[in-house]
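All figures in this text were calculated on a predicted structure; none of them were measured in a lab. Computation of the quantities below employed the complete heavy-atom set of this structure, encompassing side-chain atoms and omitting hydrogens, waters and symmetry-equivalent molecules. Here, residue 1 is the first one in the sequence, and each next residue gets the next number.
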Amino acid sequence: MIEATPAAELLACAQREVRLVAGAQQRQSAAMAELWSLRVAEELAHGATGGQAGEFVVTEIAVAVCASRRAVGDLLGVGLMLADRLGAVRAAWASGDLDLARVRVIVEHTQHVSAAHLDLVERLLLERAVASPASRLGPVIDRIVGRWEPEAVFRRRERAVLERGVSITPAPDGMAEVWGRLPALDGRILDERLDTMARSVCPDDGRTLHARRADALTALAAGTDLRCTCGCGAGGVGPGVPPVQLIITSDSLDGVSDDPAHLVGHGPVDRALADELSAGAPRWHALTDPVSGALIGLGRPGAVQAHELDAHPYRYAIGAALARLVRLRDGRCRFPGCGVPARRTDLDHREPFHHADPRAGGPTVRENLFCLCRFHHRAKTAGFWSYTHLGGAVLEWTSPTGRTYTTTAHDYGGTSPAPHRT
């Protein structure tokens, strides 16, 4: 039960206002869409062609609400997409169960789903959307769509490849902003290269990791190495193409099904793209159960299986294979809503390892190891937040005000019911 303290009351107030804002944005979006339809009908009645009708509605709205045409166009586009489809999503947005950010993701990732599958996809995604932040929702929807209508994922990928690009725009304070969209493997190559370069300098380098990654991008463009700022000369470009790391169901690997695969560091990909990505590149597989989505082993059937990795519970050091499986299982930091990738997290012994008497508690096994980014690891260690293990890979976090939040292993597309926040 949540204690009725000033902090709890303020938190509840913030939640209520978020829901009110979401409902207001839905009504605003719907009004814009209705106005657009009205103007189009009026202009067509006066002889406008189809391509010209509604051309200046965005400008009319932007001036009226004192906003940019881009912002208005974005909200109008969402309203038009929801005018005659995804009725349950529209209702969830109106009630405040979804916010604009998540609705945008839903609209984008379902735009190519046919009417034959849309109702089912909508119902399945809503079960997860109410408890998923926008940053994680896209891959969840792609896994659902990929299971029921792989052609829709393929159509989105074809369009996305055509629209790839990089833009650099001026920003305040003498800076520039870089935005880009690349094919999945190209993005993984760039991300791994920047990370490797950023970590190649010595511990005395005073830059943050993000700053070193930014400088590494500039060094790549200039054809130079990233060098340490302390003057020691450490640093370098690092390896080239990273291994292609695929999570795939045992049925799909055996050719029994065409379930989508998961490209580590990116998200779900259709089987055709998975085969294309891994052709000619170093790769390894992790296997998932096709029903539950749970990880069952590393490599092909008959290789290292999950239960075999708990063979050394009384040793503090975490073996490489066990660490890999835990990071794959969690996907990201296990704190509610955190998006830090598992490969950049600490592995936390939920029950501290007993160094004086290892058999007294805190074993080095899967069910006692969880991924926490350094910030949330510190929050747990300092006692501001705590978590308990509910079995399997389910964690229940308790906030400073006594609220509880549930997190689970990464969703690799099984058919088990989604967890809900309490």
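Counting heavy atoms from C-beta outward, D330 and F370 have side chains that approach closer than 4.5 Å. Counting heavy atoms from C-beta on, the side chains of R403 and T398 never come closer than 4.5 Å. Taking the side chain as every heavy atom from C-beta outward, W93 and L82 approach each other to under 4.5 Å. Between V326 and R329 the shortest side-chain heavy-atom distance falls below 4.5 Å. At a threshold of 4.5 Å between non-hydrogen side-chain atoms, the residues R90 and Q26 count as touching. Here the side chains of P313 and T364 are not in contact, with every heavy-atom distance at 4.5 Å or above. Between D99 and V21, the closest side-chain pair of non-hydrogen atoms is not below 4.5 Å. Two residues are said to be in side-chain contact when any heavy atoms from C-beta on lie closer than 4.5 Å; R69 and T59 meet this criterion.
Of the charged side-chain nitrogens involved, none lies within less than 4.0 Å of a carboxylate oxygen, so that D348 and R334 do not count as a salt-bridged pair. For R39 and E43, the salt-bridge test fails: no basic side-chain N is under 4.0 Å from an acidic carboxylate O. Taking the charged nitrogens against the carboxylate oxygens, K380 and D346 have no contact shorter than 4.0 Å, which rules out a salt bridge.
One distance of note links CD of E149 with NE2 of H112; it measures 11.0 Å at 0.5 Å rounding. Atom CZ of R136 and atom NE2 of H410 lie 9.0 Å apart (nearest 0.5 Å). Between the CZ atom of R16 and the CG atom of L11 there is a distance of 10.0 Å, given to the nearest 0.5 Å. Annotation: the span from R213 atom CZ to L194 atom CG amounts to 5.0 Å, rounded to 0.5 Å. Atom CG of residue L75 and atom CD of residue Q25 lie 7.0 Å apart, to the nearest 0.5 angstrom. To the nearest 0.5 Å, the span separating NE2 on H312 from CG on L322 amounts to 10.0 Å.
What you find for L209 and A198 is that their closest heavy atoms are CD1-CB, 3.6 Å. For the residue pair C228 and D205, the shortest heavy atom distance occurs at CA-OD2, 3.5 Å. Considering every non-hydrogen atom in both H389 and V394, the closest pair reads CD2-O, 3.3 Å. The two residues P133 and G337 make their nearest non-hydrogen contact at CG-CA, 4.3 Å. Minimum interatomic distance between C333 and C338 (heavy atoms only, all atoms of both residues): CB-SG, 3.5 Å. What you find for E42 and H46 is that their closest heavy atoms are O-ND1, 2.8 Å.
With 3.5 Å as the limit, one finds a donor-acceptor pair spanning the side chains of H109 and R156.
Within a 6.0 Å sphere centred on CD of E34, heavy atoms belonging to other residues, nucleotides or ligands number 12 at most. Counting heavy atoms of neighbouring residues, nucleotides and ligands inside a 6.0 Å radius, atom CZ of R344 exceeds 12 of them. More than 12 non-hydrogen atoms from other residues, nucleotides or ligands lie less than 6.0 angstrom from CZ of R19. For R155, the CZ atom sits in a packed shell: over 12 heavy atoms of surrounding residues, nucleotides or ligands are nearer than 6.0 Å. The number of heavy atoms from other shown groups lying within 6.0 Å of CH2 (W385) is above 12.
Without hydrogens or angle criteria, D97 side chain to V130 main chain gives no donor-acceptor distance under 3.5 Å. R212 places a side-chain N or O within donor-acceptor distance of the main-chain N or O of R207, the cut-off being under 3.5 Å. With hydrogens and angles disregarded, a donor-acceptor distance shorter than 3.5 Å links the side chain of T208 to the backbone of A211. S200 contributes a side-chain N or O that, together with a main-chain N or O of M197, makes up a donor-acceptor pair within less than 3.5 Å. Here the side chain of R327 pairs a donor or acceptor atom with the backbone of T345 at under 3.5 angstrom. A donor-acceptor pair under 3.5 Å is formed between the side chain of E122 and the backbone N or O of V89. When atom types are taken as modelled, the side chain of Q111 and the backbone of E108 share a donor-acceptor pair closer than 3.5 angstrom.
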**Request:** Before giving the answer on side chain to side chain contact (heavy atoms under 4.5 Å, CB included), spell out for L182 and I189 the whole-Å C-alpha distance, their side-chain angles and the decisive distance to 0.1 Å.
**Result:** CA-CA 10 Å; L182 306 174; I189 292 171; over 6 Å; no
**Message:** For E163 and R159: C-alpha separation, side-chain torsions, deciding distance, then whether salt bridge (charged side-chain N to carboxylate O under 4.0 Å, His left out) applies.
**Reply:** CA-CA 6 Å; E163 294 176 348; R159 178 179 174 184; 3.0 Å; yes
**Prompt:** What's the verdict on side chain to side chain contact (heavy atoms under 4.5 Å, CB included) for L190 and L217, showing C-alpha distance, side-chain angles and the deciding distance?
**Reply:** CA-CA 9 Å; L190 180 60; L217 182 61; 4.2 Å; yes
**Request:** Determine, step by step, whether R164 and D186 satisfy the salt bridge (charged side-chain N to carboxylate O under 4.0 Å, His left out) criterion, reporting the C-alpha distance in whole Å, the side-chain angles of both residues, the deciding distance to 0.1 Å, and the verdict.
**Result:** CA-CA 11 Å; R164 69 191 183 278; D186 295 348; over 6 Å; no
**Request:** Given side chain to side chain contact (heavy atoms under 4.5 Å, CB included), test E177 with I168 step by step and report yes or no.
**Result:** CA-CA 6 Å; E177 293 183 349; I168 303 174; over 6 Å; no
**Request:** For S114 and H117, run side chain to side chain contact (heavy atoms under 4.5 Å, CB included): C-alpha distance rounded to whole Å, both residues' side-chain angles, the deciding distance at 0.1 Å, then the answer.
**Result:** CA-CA 6 Å; S114 67; H117 295 102; 3.5 Å; yes
**Request:** Before giving the answer on salt bridge (charged side-chain N to carboxylate O under 4.0 Å, His left out), spell out for E192 and R188 the whole-Å C-alpha distance, their side-chain angles and the decisive distance to 0.1 Å.
**Result:** CA-CA 6 Å; E192 289 284 349; R188 292 296 304 123; 2.6 Å; yes
